[in-house]
Amino acid sequence: MLERIRKENDIKRLSFDELCVLPEEIRQFLIEKTSKNGGHLASNLGVVELTIALHRMFELPKDKIIWDVGHQSYTHKLLTGRKDQFDTLRQYGGMSGFPKRKESPCDAFDTGHSSTSVSAGLGYVKARDMRGEDYSVIAVIGDGSLTGGMAYEALNNAAQLETNFIIILNDNDMSISKNVGGMSRYLDRLRTADLYTGLKKGVTRTLERVPVMGEKLIGHIRKTKSSIKQLIVPGMFFEDMGITYLGPIPGHDMKALCKVLGEAKRIDGAVLVHVMTKKGKGYAPAEKAPDKFHGIGPFDIETGEVTAKKKKDTYTDVFGKVMCDEARKNKNLAAITAAMADGTGLSRFRELYPKQFFDVGIAEGHGVTFAAGLAAGGVKPVFAVYSSFLQRGYDQLVHDVCMQGLPVVFAVDRAGLVGSDGETHQGIFDLSYLGSIPNMTVMSPKNKWELADMVRFAVGFDGPIALRYPRGSAYDGFEEYRAPVELGKSEMIFEEEDIALFCVGHMFEEAVKVRKGLKEEGFGCSLVNARFAKPIDEGRITELSKSHKLIAVIEENSGEGSCAQRVLQYVSERDLLVKVLALSIPDQYVEHGNVETLRKQAGIDAGSMIRKITEAYRQL
């Protein structure tokens, strides 16, 4: 069946019996391709029937499907003519693992972070109505994404609609980790409720034609309906907001899905279709461990085991181990995650110190202010969060933490280039947005030993502080260079003259290669481990300016608002006689691909930096 689908809407040519064969073919295809290239498997296996039903009942690209987060869009891509591109999935220059408008007109909105689809969909609805156009808008949002505050702001706004807007709640009882909080408990009750779709519009219209008594009957039935629903559907959260609720619907029953989508299209206003799916559906290892198969590298299909053996500790592993060590000594230490206990290395902490562990759900803004409240109450909070997700709490960083100078630690994981997830996940702005906030201290380690020391330093620091480190294996070289961490002080590794490499954090390993290359070309070259991106070591910069002609600042962050710009500003203000060369990422978004390729494209791999440094030096 899959071979007959070459472009969007080809699925409509299949008979219903053929349609029911298609999910198995798609699952086999996705498992095979993902086992070779890695990717988001469990979430995609869970929405196969739902995606097929959406494509069967709607017309693409005229109708707009917006995928919240977007990592579950693989079947959507298959059904819109991108089957032959799957061998390039998440590779540089190849197909993205997320919806991309520039990739296909059937991708209505670029996504990568959660809780955004209802807001974007509502914008599409209003644009449609303003322009007098006629198409359907469908936002597909997971139950995990409903822990994000932005989703509720959008639902509140959508409740006022008088024209059709379909919201699909894909309920698999998971985000990446197991869901937490009140909405999760509410949906648990809905899952066990009897199927109840409420009063149909046709009944209402029939009663309206009854003289005199019709309106009274409608009012009486509506009151009765509400009372019955209060018993059957606890809370009636969506209906009470003014959003029509349909469900729960079995998410792997094609007939039921097509039927309810047909009903949803006829409703004038916002309608939420509650669909229950199983994450990892159809592949036993993914059903058993959906969190493991949320985002996975190449794996063996038979066993489900990752084929690339883990060689050594990651920075995340080191952070998690040190946090457990610190918690053993300090009962006042708290760890916070936004639905990412496993991804941020806090799963063991959660098991050992459950009373000191807090999962706020996919709600980074809330997580930041929650940490501020803990700190104000005398607890020492450490919020472990991915760099690109902490962006979502910027206002709270400014207003609730730094303005008050509260001692909150931000463990900023996945800093720098993360690779295959692409633009939405690259952690290339944290040095810029964190460095722009008064009272914020920002540091970054050169290796795993220094990360451990910096975690301990941060836990004892009296003020807002961020510790940023990358994804992947932790560099374990230069263990012998382990001077005590002092606020705002850098570390001299090699001291010579002419050229100084001022390196921020995990780019140290690349900087060692750069120094080796420059030495081979006959240059004297100092190597400085910056340690602190804010405040920069002004004393060290002044000293370097006396014996060096060029300071090259190396960092894996956007050049705008970077550490290099702070060094440049200091040199300019002090009229120091030294040239500063910024070796940062250009002012642009970085697409998906492996980190080595992306560094080369950005001009911050060792070879490119050696060329740039030698050219700049010879122009002096």
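Note that the numbering runs from 1 along the sequence shown for the chain.
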Is any side-chain heavy atom of I138 closer than 4.5 Å to one of I66? no
Salt bridge or not between D317 and R348? Use side-chain N to carboxylate O under 4.0 Å. no
What do the steps show when you test K77 against S96 for side chain to side chain contact (heavy atoms under 4.5 Å, CB included), and what is the final call? CA-CA 10 Å; K77 294 194 176 201; S96 170; 4.0 Å; yes
Can you find a heavy atom in the side chain of F165 that is under 4.5 Å from one in the side chain of V118? yes
List the residues meeting salt bridge (charged side-chain N to carboxylate O under 4.0 Å, His left out) with E450, not counting sequence neighbours, and say none if there are none. K446, R531
Less than 6.0 Å separating the ring centroids of H40 and F98? yes
Just how far is it from atom CG of L346 to atom OG1 of T337, taken to the nearest 0.5 Å? 6.0 Å
Going from NE2 on H113 to CD on E364, what distance comes out if it is rounded to the nearest 0.5 angstrom? 8.0 Å
Heavy atoms from other residues, nucleotides or ligands near OH of Y124 exceed 12 (cutoff 6.0 Å): yes
Quick check for you: to the nearest 0.5 Å, what is the distance between T51 atom OG1 and L78 atom CG? 9.5 Å
Between D430 and R468, is the closest basic N to carboxylate O distance under 4.0 Å? yes
Only counting residues at least two apart or in another chain, list the ones meeting side chain to side chain donor-acceptor pair (under 3.5 Å) with R56. none
Does I11 reach the side chain of I52, with side-chain heavy atoms less than 4.5 Å apart? yes
All heavy atoms of A363 vs all of A338, minimum pair found to be N-CB, 4.3 Å
Taking all non-hydrogen atoms of both residues into account, name the closest pair between I604 and M609 and its distance. O-CE, 3.2 Å
Would E49 and K281 pass as an ion pair if we require N to O under 4.0 Å? no
So, T88 side chain and Q85 main chain: donor-acceptor pair closer than 3.5 Å or not? yes
Electrostatic pair E520-K516, nearest N-O below 4.0 angstrom: yes
Taking the six-membered ring for Trp, are H592 and H425 ring centroids under 6.0 Å apart? no
Without swapping roles, check the side chain of K312 against the backbone of Y475 for a donor-acceptor pair under 3.5 Å. no
Between D143 and K279 (salt bridge meaning N to carboxylate O under 4.0 Å), is one present in this structure? no
Sidechain-backbone polar pair: H252 side chain, K278 backbone, donor-acceptor under 3.5 Å: yes
Looking at C20, is its backbone amide N or carbonyl O close enough to the side chain of E24 to form a donor-acceptor pair, meaning the two atoms are under 3.5 Å apart? no
First locate atom CG of D68, then atom OG of S115, and finally report the distance between them rounded to the nearest 0.5 Å. 5.5 Å
Derivation and outcome, side chain to side chain contact (heavy atoms under 4.5 Å, CB included), residues M254 and F16: CA-CA 9 Å; M254 200 81 71; F16 192 80; 4.1 Å; yes
Is it true that K33 and D87 make a salt bridge, defined as a side-chain N closer than 4.0 Å to a carboxylate O? yes
Closest heavy-atom pair, A108 versus I65, reported as atoms and distance to 0.1 Å, is CB-O, 3.7 Å
Heavy-atom closest pair, residues T424 and T111: CG2-O, 3.9 Å
Salt bridge or not between R350 and D342? Use side-chain N to carboxylate O under 4.0 Å. yes
Pair E32 + R27, salt bridge at N-O below 4.0 Å: no
Does S73 use its side chain to pair, donor to acceptor, with the backbone of H76 at less than 3.5 Å? no
Is the ring centre of F293 less than 6.0 Å from the ring centre of Y283? yes
Main-chain N/O of G593 paired to T597 side chain as donor or acceptor, under 3.5 Å: no
Can you name the nearest heavy-atom pair linking A264 to N164, along with the distance? O-ND2, 2.8 Å
Check this for me: Q588, atom CD, are more than 12 non-hydrogen atoms of other residues, nucleotides or ligands nearer than 6.0 Å? yes
Does atom CD (E133) have a neighbourhood of more than 12 heavy atoms from anything else shown, all under 6.0 Å? yes
Are any non-hydrogen side-chain atoms of V385 and T344 less than 4.5 angstrom apart? no
For S584, which residues count as a side chain to side chain donor-acceptor pair (under 3.5 Å) partner, sequence neighbours excluded? E555
Separation between OG (S117) and CE (M150), nearest 0.5 Å, reads 9.0 Å
Hey, are the side chains of L246 and H274 touching, using non-hydrogen atoms and a 4.5 Å cut-off? no
What I'd like to find out is whether the side chain of V275 reaches to under 4.5 Å of the side chain of D171, using heavy atoms alone. no
Does N9 reach the main-chain N or O of L60 with its side chain, forming a donor-acceptor pair under 3.5 Å? yes
To the closest 0.5 Å, what do you measure between CG (L583) and OG (S608)? 9.5 Å
I'd like to know if R4 and D10 make a salt bridge, using a cut-off of under 4.0 Å between side-chain N and carboxylate O. no
Strictly distance-based, threshold 3.5 Å: is any side-chain N or O of W449 a donor or acceptor partner for the main-chain N or O of D476? yes
For K100, give me all partners under salt bridge (charged side-chain N to carboxylate O under 4.0 Å, His left out), at least two apart in sequence or on another chain. E423
More than 12 heavy atoms of other groups within 6.0 Å of K255 NZ: no
Decide if atom NZ of K600 counts as having more than 12 heavy atoms of other residues, nucleotides or ligands within a radius under 6.0 Å. no
So do L257 and D253 actually touch side chain to side chain, heavy atoms under 4.5 Å? no
Any side-chain to backbone donor/acceptor pair from N170 onto I141? Under 3.5 Å, distance only. no
Side chains of D300 and S35 in contact at under 4.5 Å (non-hydrogen atoms): no
Name each donor-acceptor pair under 3.5 Å that joins a side chain in residues 503-510 to protein atoms two or more places apart or in another chain, with its distance.
from	atom 1	to	atom 2	distance (Å)
H506	NE2	E556	OE1	2.8
E510	OE1	R599	NH1	3.3
E510	OE2	A606	N	2.9

Given side chain to side chain contact (heavy atoms under 4.5 Å, CB included), test S145 with V69 step by step and report yes or no. CA-CA 8 Å; S145 292; V69 184; 3.8 Å; yes
Hey, mind stepping through E153 and S119 against side chain to side chain contact (heavy atoms under 4.5 Å, CB included) and telling me if it holds? CA-CA 8 Å; E153 296 173 27; S119 296; 5.9 Å; no
Residue set satisfying ring-ring contact (aromatic ring centres under 6.0 Å, His included) with Y135, at least two apart, ordered chain then number -> none
Does any N or O in the side chain of K265 come within less than 3.5 Å of the main-chain N or O of M57, such that one atom is a donor and the other an acceptor? yes
